There are 2 protein chains.
Amino acid sequence: MAVTLKNIADKVGKSVPTVSRALAGFEDISPKTRDYVQAVAKEMGYVPNNFARKLQSQKADAVGLILPGAENLRFSDPFFGLLLSGIIEKTSAAGMDLSISAANEEDELDVYMEHIKSQRVDGFIIVRTHRKDKRIELLRKNKFPFVSFGRMEEDNNFNFVDEDGNWGIEQVVDHLVGLGHTKLGCIAEPLLFTKSFFRVQGFMNGLKKHGLKFADENLVVTNFRQRSGREAALRLLDLQEPPTAIVALNDLLAIGAIQAAHERGLTVGRDVSITGFDDIVLAEMANPGLTTLHQPAHKMGTLVAENLLKQIKNEPIDQSQIVLKPTLVVRDSTGKPV
Amino acid sequence: MAVTLKNIADKVGKSVPTVSRALAGFEDISPKTRDYVQAVAKEMGYVPNNFARKLQSQKADAVGLILPGAENLRFSDPFFGLLLSGIIEKTSAAGMDLSISAANEEDELDVYMEHIKSQRVDGFIIVRTHRKDKRIELLRKNKFPFVSFGRMEEDNNFNFVDEDGNWGIEQVVDHLVGLGHTKLGCIAEPLLFTKSFFRVQGFMNGLKKHGLKFADENLVVTNFRQRSGREAALRLLDLQEPPTAIVALNDLLAIGAIQAAHERGLTVGRDVSITGFDDIVLAEMANPGLTTLHQPAHKMGTLVAENLLKQIKNEPIDQSQIVLKPTLVVRDSTGKPV
DNA sequence: AATATATTCTAAAACGTTTTAGATGTCAAA
DNA sequence: TTTGACATCTAAAACGTTTTAGAATATATT
């Protein structure tokens with residue numbers, strides 16, 4: 001079927017190793033033989049068998065990405081799509097495979113171990129980090145290369161790329177307080193995730209910084225879906241003393257919140273201000289345009305991949321821990337309180 | 001480093017093949033030996049070497065997905081994310097690797113051939129089909145397993161999962177004409193893509209069916225981005241005789257069009273009607289809610305993957321060519337013309 | 001002319017698995 | 001007590017590659 005070194009060897013009347021070394025351009029093969037072998041190989045359409053080569057080299061030339069939550073795996077999040085594009089761009093360009101699979105919570109760690117032991121990947125990319133992340137602890141213990149997108153709450157001596165969510169949300173609070181708001185609400189994703197935890201921390205820090213008091217009822221913790229954003233916002237808006245500004249901790253939640261405001265007959269940006277996080281493509285298109293924190297999703301993907309590839313190849317890494325500050329983009333969903 | 005059959009063989013005092021066959025549960029190994037071997041293997045944490053096994057079996061147990069357009073690979077399209085989720089769900093559950101990479105136009109076909117010859121995948125998933133698709137022709141010629149998401153314009157004797165875009169857009173036209181619209185505009189993606197071509201065909205068919213005439217200026221062909229949707233819509237709205245309804249051929253374009261309408265001071269759903277295609281999560285959240293055609297993106301991904309997996313395993317396939325009709329979801333972006 | 005030195009090649013082993021063909025021993029039947 | 005059948009195992013080969021160690025030949029040096 002496929003052309004092998006043996007086929008070429010037979011054709012050129014040399015041994016298999018000679019052919020192998022000729023193709024690899026070793027010095028101990030005469031130029032004449034080398035050129036001949038290469039010509040014949042090309043003519044026969046030779047491509048090395050992937051697995052034979054990998055068995056021999058003991059390198060997988062592959063990066064693993066195991067998505068958490070196999071049971072209901074549905075990423076419609078444009079942010080993740082862009083992150084993934086960045087990762088694929090880099091791994092592809094480096095001739096590395098990106099092997100994507102999914103695992104559910106129960107056997108997640110087993111899946112990681114199997115990947116390691118069967119030597120099918122040289123490293124992992126971790127996404128959606130938890131404040132205390134078992135995957136990270138496992139890989140670190142096994143000294144297996146990985147880069148995570150996101151940190152843990154503490155004990156972060158490993159390679160990662162992350163946003164500065166804390167700082168970012170503080171900017172948002174500054175912006176809102178600057179406009180004159182003093183009653184702020186917040187809609188958060190589950191606090192189990194570091195990302196959410198830090199963003200909430202930023203919210204708290206921001207309040208404190210401006211001498212504002214925090215009431216429990218002003219923080220609604222829910223999940224990722226925009227539907228939840230709507231519900232959470234309704235809850236905030238229906239409070240005795242509703243906040244005049246709602247800090248949603250991602251854009252989908254924010255868009256849900258905008259919808260809720262509309263349902264209550266409020267004009268967003270005037271009667272109530274709403275902010276998001278991520279600046280997904282639709283933040284700009286929302287009505288009104290969403291004030292949010294922009295993140296270079298694609299770029300972040302490339303950084304994660306580059307970092308991991310260097311780690312695998314034992315190349316020096318200029319920055320093994322990267323924290324990117326998001327940039328505030330002010331649109332029409334925020335304004336002075338009435 | 002990793003535990004091998006040899007390690008186990010040494011430990012139990014049997015030969016390597018015996019261990020191999022014991023673990024695989026062959027009949028010619030005594031129950032006693034079998035159990036012992038299995039116990040030892042488990043205790044030692046044995047996991048078969050992926051590449052050795054694949055070299056021997058001559059199967060890759062992997063599915064390839066080569067994304068077109070490596071040069072500017074940025075998928076923020078939630079639809080694609082969901083499709084991918086469906087694919088990953090099925091391949092993962094079947095213990096198959098999903099190997100994702102990217103290739104640019106020039107060497108796309110070479111990348112496919114290399115994947116085939118190096119035997120790194122057992123089959124391909126093709127996305128974003130062209131009316132005349134070189135990838136499909138290549139794979140078909142080489143009798144290599146694949147399933148495409150989308151058809152070609154003709155000559156479709158291969159396995160695919162596709163939408164009925166033609167039929168879908170006809171429903172949209174029916175809906176608009178039913179509301180009283182007679183001047184319809186259309187914003188399309190490049191016609192090179194089968195998807196776009198069929199959707200436009202549906203638009204034309206719809207007009208003809210209702211005895212409406214088509215003017216060239218009412219069709220704007222642009223690209224995928226929502227920004228383009230805005231620009232295209234501005235062009236339509238600024239015509240001498242602007243259409244009262246704009247059929248955008250995907251949701252992102254539609255949302256761009258809504259923005260354009262707002263810019264021109266028009267109330268969408270009253271002054272101008274706008275429709276989309278796909279029903280991405282934000283269609284519902286848009287303001288006003290977008291009338292569009294719903295597609296089960298995740299489900300489609302699972303169908304594509306299931307079909308390919310069966311093909312690879314030579315299992316019977318109940319339906320090797322699937323065309324799903326989208327369902328019209330009427331929201332507030334469409335209404336009677338003024 | 002003998003020795004050292006390059007140059008160019010190959011045999012053998014290795015990576016870790018599975019398959020094929022056959023060896024060895026046991027037991028029952030003739 | 002031989003034969004055949006069965007149960008249990010192993011040696012050898014295979015998958016296709018690369019590496020290691022060394023062979024063979026030609027060339028240069030003394």
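Remember, predicted model here, so these are calculated numbers, not experimental data.
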#### Entry: Distance-only side-chain donor-acceptor flag, B:His298 / B:Glu89, under 3.5 Å
yes

Each nucleotide N or O in nucleotides 25-28 of chain D that has a protein N or O under 3.5 Å away: list the pair and distance.
none

### Query
For B:Phe197, what residues pass the ring pair (Phe, Tyr, Trp, His ring centres under 6.0 Å) criterion, not counting sequence neighbours?
none

Can you give me the N/O atom pairs linking the protein to nucleotides 4-6 of chain D at distances under 3.5 Å, or say none if there are none?
none

Tell me which donor-acceptor pairs under 3.5 Å the side chains of residues 56-70 of chain A have, and how far apart each pair is, sequence neighbours excluded?
from	atom 1	to	atom 2	distance (Å)
A:Ser57	OG	A:Arg53	O	3.1
A:Ser57	OG	A:Lys59	N	3.2

### Query
Is A:Glu306 salt-bridged to A:Lys299, going by a charged N under 4.0 Å from an acidic O?
no

### Message
Using the salt bridge (Lys or Arg N to Asp or Glu O under 4.0 Å) criterion, which residues pair with B:Lys313? Sequence neighbours excluded.
### Response
none

### Message
Among residues 110-117 of chain A, which ones have heavy-atom contacts with DNA chain D below 4.0 Å?
### Response
none

## Note on the structure
Rounding to the nearest 10°, end axes of the helix from C:dA1-D:dT30 to C:dA30-D:dT1 built from five pairs each make an angle of 70°

Taking distance alone, no hydrogens or angles, what donor-acceptor pairs closer than 3.5 Å link side-chain atoms of residues 137-144 of chain A to residues at least two apart or in another chain?
from	atom 1	to	atom 2	distance (Å)
A:Glu137	OE2	A:Lys132	NZ	3.0
A:Arg140	NH1	A:Asp155	O	3.0
A:Arg140	NH1	A:Asn157	OD1	2.3
A:Arg140	NH2	A:Asp155	OD2	3.0

### Task
Using a cut-off of strictly less than 4.0 Å, decide whether A:Thr33 has a side-chain nitrogen or oxygen near OP1 or OP2 of C:dC9.
yes

### Residue pairs involving residues 29-39 of chain A (criterion side chain to side chain donor-acceptor pair (under 3.5 Å); sequence neighbours excluded)
A:Ser30-A:Thr33

## Note on the structure
salt bridge (Lys or Arg N to Asp or Glu O under 4.0 Å) filter on B:Lys6, not counting sequence neighbours, yields B:Asp10

Between the protein and nucleotides 10-13 of chain D, list every N/O to N/O distance that falls short of 3.5 Å.
from	atom 1	to	atom 2	distance (Å)
D:dT10	OP2	B:Ser15	N	3.0
D:dT10	OP2	B:Ser15	OG	3.1
D:dT10	OP2	B:Thr18	OG1	2.5

### Query
For DNA chain C, what residues of residues 37-47 of chain B have any heavy atom nearer than 4.0 Å?
B:Tyr46

### Query
Would you call B:Lys310 and B:Glu315 a salt bridge, taking side-chain N to carboxylate O under 4.0 Å as the test?
no

### Query
Of all the nucleotides listed (C:dG16, D:dG16, D:dT19), which has the minimum atom distance to the side chain of B:Ala52?
C:dG16

